[in-house]
*Asks:* 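The structure is given below, and queries will be raised subsequently.
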Amino acid sequence: MDARAACELIALNNRFYEENAASFSATRSAPWQGWGRCLDVARCELGFDAGASTGRGSGDAAERLSTLRVLDMACGNLRFEDFLAHEIPNVACECFAVDSCATLADAGEREGESSGVPVVRFRELDVLALLVDALEGAGAASAKVDQLARTLAGAFDVPPCDLAVCFGFMHHIPVRGWRMAVLRALVECLRPGGVVCVSFWRFLDDERLARKADEATVRAAGDMRLAQIVRAFNQGDCLLGWQDRQDSFRYCHHFSDAEIDALAASVAGRARTIARFRADGRSGDLNEYVVLQVQERLSGD
């Protein structure tokens with residue numbers, strides 16, 4: 001996909017979430033089923049039950065848990081933060097929430113500061129806009145992906161975190177090299193031993209959603225403003241509509257097994273896969289989750 005088409009898709013999605021923030025947020029209040037399984041894995045690896053060691057130190061010097069630091073990339077309406085408050089009320093959490101749509105974050109109902117409610121530090125940041133000028137397509141060199149990842153990690157401006165999550169965002173990234181850079185950036189933001197949880201939408205495996213994606217993409221192809229973008233699509237690229245609006249579209253990518261395998265392999269040496277499963281939706285398998293654990297840095301890295 002060329003730079004022009006990728007930029008058009010980013011602008012299309014930004015408009016979609018700005019225009020539909022309230023109605024979209026209203027349909028996104030309940031936690032996804034897969035989050036519980038991700039949290040179970042993270043709890044086991046990080047030991048953030050009361051009095052457990054975070055592993056931020058070394059050996060006997062490892063400090064006791066005082067605050068679980070969480071990076072939530074593409075936080076949406078902050079419902080993952082609400083999920084943490086409900087699931088681990090006795091663990092202090094400091095959440096660094098990043099999203100390009102402040103309107104959507106504002107649409108999430110937030111409780112006041114009280115015991116059991118995570119401290120949320122929201123940062124409005126368009127991750128994809130940071131990558132636009134460096135687009136080199138699917139054949140981008142590994143060194144270039146690393147550079148992009150470091151740029152993103154620096155833009156997040158967070159202390160070393162224990163947990164990073166990215167739910168419902170990877171399918172909005174139109175370029176393979178960007179997806180790799182985003183995953184590596186999440187790894188870069190964590191301390192050794194930290195856990196990354198990422199979801200990949202498999203919507204074309206669902207007959208109803210596949211039909212909706214086909215109908216919306218065909219409809220968009222008949223629009224002079226969108227036809228050229230649709231012609232630039234790669235396998236798995238689609239447009240989806242929203243409710244009964246005929247003029248509102250968002251770009252989404254369906255992930256194949258091979259694509260997820262390649263993304264997980266792209267951080268080999270930096271992080272290892274510790275869990276992989278499917279969950280969510282009526283079928284129980286609409287999202288595929290990959291859970292990674294960050295490894296110790298090699299000297300010279």
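Worth knowing before you read on, the calculation uses all heavy atoms, side chains too, and leaves out hydrogens, waters and symmetry mates. Counting from 1, the numbers follow the sequence of the chain as shown.
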*Asks:* Can you confirm whether or not the ring centre of F203 sits under 6.0 Å from the ring centre of H253?
*Replies:*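 No, they do not, as the ring centres are separated by 6.0 Å or more.
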*Asks:* Test the R69-F96 pair against the cation-pi criterion, namely NZ or CZ under 6.0 angstrom from the six-membered ring centroid and within 45° of the ring axis.
*Replies:* no
*Asks:* Decide yes or no for C38 and V291: does some side-chain heavy atom of the first lie under 4.5 Å from some side-chain heavy atom of the second?
*Replies:*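 They are in side-chain contact.
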*Asks:* Taking the side chain as every heavy atom from C-beta outward, state whether H254 and H171 have any atom pair closer than 4.5 Å.
*Replies:* no
*Asks:* Can you tell me how far the CZ atom of R179 sits from the CD1 atom of I260, to the nearest 0.5 Å?
*Replies:*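 If we round to the nearest 0.5 Å, R179:CZ and I260:CD1 are 11.0 Å apart.
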*Asks:* Restricting to non-hydrogen atoms, name the atom on D237 and the atom on N234 that form the minimum distance, rounded to 0.1 Å.
*Replies:* OD2-N, 2.7 Å
*Asks:* Atom CG of L128 and atom CD1 of I10: how far apart are they, to the nearest 0.5 Å?
*Replies:* 4.5 Å
*Asks:* Report yes or no: does Q33 contribute a side-chain atom to a donor-acceptor pair with the main-chain N or O of D280 at less than 3.5 Å?
*Replies:*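 Yes; judged by distance alone, with no hydrogens or angles, the pair exists.
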*Asks:* Between L183 and M170, is there a side-chain heavy-atom distance shorter than 4.5 Å?
*Replies:*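 In short, these two side chains touch, coming nearer than 4.5 Å.
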*Asks:* Once rounded to the nearest 0.5 Å, what's the spacing between atom CG of L78 and atom CG of D99?
*Replies:* 8.5 Å
*Asks:* If two hydrophobic side chains count as joined below 4.5 Å and joins carry through other members, does L163 share a cluster with F277?
*Replies:*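 Yes: a chain of side-chain contacts under 4.5 Å links L163 to F277.
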*Asks:* Check whether L71 and L263 end up in the same hydrophobic cluster, where Ile, Leu, Val, Met, Phe, Trp and Tyr are linked by side-chain heavy atoms less than 4.5 Å apart.
*Replies:* yes
*Asks:* Check the pair H172, Y17 against side chain to side chain contact (heavy atoms under 4.5 Å, CB included), reporting the backbone distance first and the verdict last.
*Replies:* CA-CA 12 Å; H172 288 325; Y17 284 108; 2.7 Å; yes
*Asks:* Can you tell if the side chain of L84 reaches within under 4.5 Å of the side chain of C95, non-hydrogen atoms only?
*Replies:*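 Yes; the side chains approach each other to less than 4.5 Å.
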*Asks:* Test your reading of the model: is there a side-chain donor-acceptor pair from R184 to the backbone of V145, 3.5 Å cut-off?
*Replies:* no
*Asks:* Side-chain heavy atoms nearer than 4.5 Å, only ILVMFWY residues, links allowed to pass through others: does that put L286 and W35 together?
*Replies:* no
*Asks:* Which atom pairs, one a donor and one an acceptor, fall under 3.5 Å between side chains of residues 195-202 and the rest of the protein, sequence neighbours left out?
*Replies:*
from: S199; atom 1: OG; to: G168; atom 2: N; distance (Å): 3.0
from: R202; atom 1: NE; to: F255; atom 2: O; distance (Å): 2.6
from: R202; atom 1: NH1; to: D257; atom 2: OD1; distance (Å): 3.0
from: R202; atom 1: NH1; to: E288; atom 2: OE1; distance (Å): 2.6
from: R202; atom 1: NH2; to: D257; atom 2: OD1; distance (Å): 3.4

*Asks:* Are any non-hydrogen side-chain atoms of C93 and I88 less than 4.5 angstrom apart?
*Replies:* yes
*Asks:* I'd like to know whether F122 forms a side chain to side chain contact (heavy atoms under 4.5 Å, CB included) with V98, so could you lay out the CA-CA distance, the side-chain angles of the two residues, the decisive distance to 0.1 Å, and finally the verdict.
*Replies:* CA-CA 6 Å; F122 174 74; V98 177; over 6 Å; no
*Asks:* Are M73 and F156 packed together at the side-chain level, in the sense that at least one heavy-atom pair is separated by less than 4.5 angstrom?
*Replies:*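 In contact.
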*Asks:* Please walk me through it: do I274 and E45 pass side chain to side chain contact (heavy atoms under 4.5 Å, CB included)?
*Replies:* CA-CA 9 Å; I274 57 175; E45 298 298 331; 3.6 Å; yes
*Asks:* Indicate yes or no: does R278 engage D205 in a salt bridge with an N to O separation below 4.0 Å.
*Replies:*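 Answer for the salt bridge query: yes.
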*Asks:* So, taking the atom named CD1 in I173 and the one named CE in M180, what distance separates them when rounded to the nearest 0.5 Å?
*Replies:*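 Reported value, rounded in 0.5 Å steps: 12.0 Å.
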*Asks:* So E94 and V70, do their side chains get closer than 4.5 Å, heavy atoms only?
*Replies:*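 V70 vs E94: side chains apart.
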*Asks:* Got a sec, which pairs hit side-chain hydrogen bond (donor to acceptor under 3.5 Å, both in side chains) with one end in residues 213-222, sequence neighbours left out?
*Replies:*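 The answer is R219-Q246.
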*Asks:* Output yes when R276 and D261 qualify as a salt bridge under the 4.0 Å nitrogen-oxygen rule, no when they do not.
*Replies:* yes
*Asks:* List the atom of A264, the atom of T273, and the distance in Å for their closest heavy-atom pair.
*Replies:*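 Taking every non-hydrogen atom into account, CB-OG1, 3.9 Å.
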*Asks:* Looking at E188 and R150, does any basic side-chain N land under 4.0 Å from a carboxylate oxygen?
*Replies:* no
*Asks:* Is any side-chain N of the basic residue among D72 and R121 closer than 4.0 Å to the acidic one's carboxylate O?
*Replies:*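 Salt bridge: no.
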*Asks:* If only atom types and distance count, is the side chain of R191 paired as donor or acceptor with the main-chain N or O of P159 below 3.5 Å?
*Replies:* no
*Asks:* Mind checking whether L240 and L226 sit in one hydrophobic cluster, side chains of I, L, V, M, F, W, Y counted as touching below 4.5 Å?
*Replies:* no
*Asks:* If you round to the nearest 0.5 Å, how far is CZ of R211 from CG of L204?
*Replies:* 13.0 Å
*Asks:* Can you tell me how far the CD atom of Q228 sits from the CZ atom of R4, to the nearest 0.5 Å?
*Replies:* 4.0 Å
*Asks:* Using the salt bridge (Lys or Arg N to Asp or Glu O under 4.0 Å) criterion, which residues pair with R225? Sequence neighbours excluded.
*Replies:* D223
*Asks:* Show, in sequence, the C-alpha distance, side-chain angles and deciding distance for F16 and Y251, and conclude whether the side chain to side chain contact (heavy atoms under 4.5 Å, CB included) test is met.
*Replies:* CA-CA 9 Å; F16 173 89; Y251 162 78; over 6 Å; no
*Asks:* Could you tell me whether the side chain of R37 reaches within less than 4.5 Å of the side chain of Y289, counting heavy atoms only?
*Replies:*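 Y289 vs R37: side chains apart.
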*Asks:* Could you check R79, E81, H86, E87 and say which one makes a side-chain contact (heavy atoms from CB on, under 4.5 Å) with F83?
*Replies:*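 Only match with F83 under side-chain contact (heavy atoms from CB on, under 4.5 Å): E87.
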*Asks:* Check whether L125 and L186 end up in the same hydrophobic cluster, where Ile, Leu, Val, Met, Phe, Trp and Tyr are linked by side-chain heavy atoms less than 4.5 Å apart.
*Replies:* yes
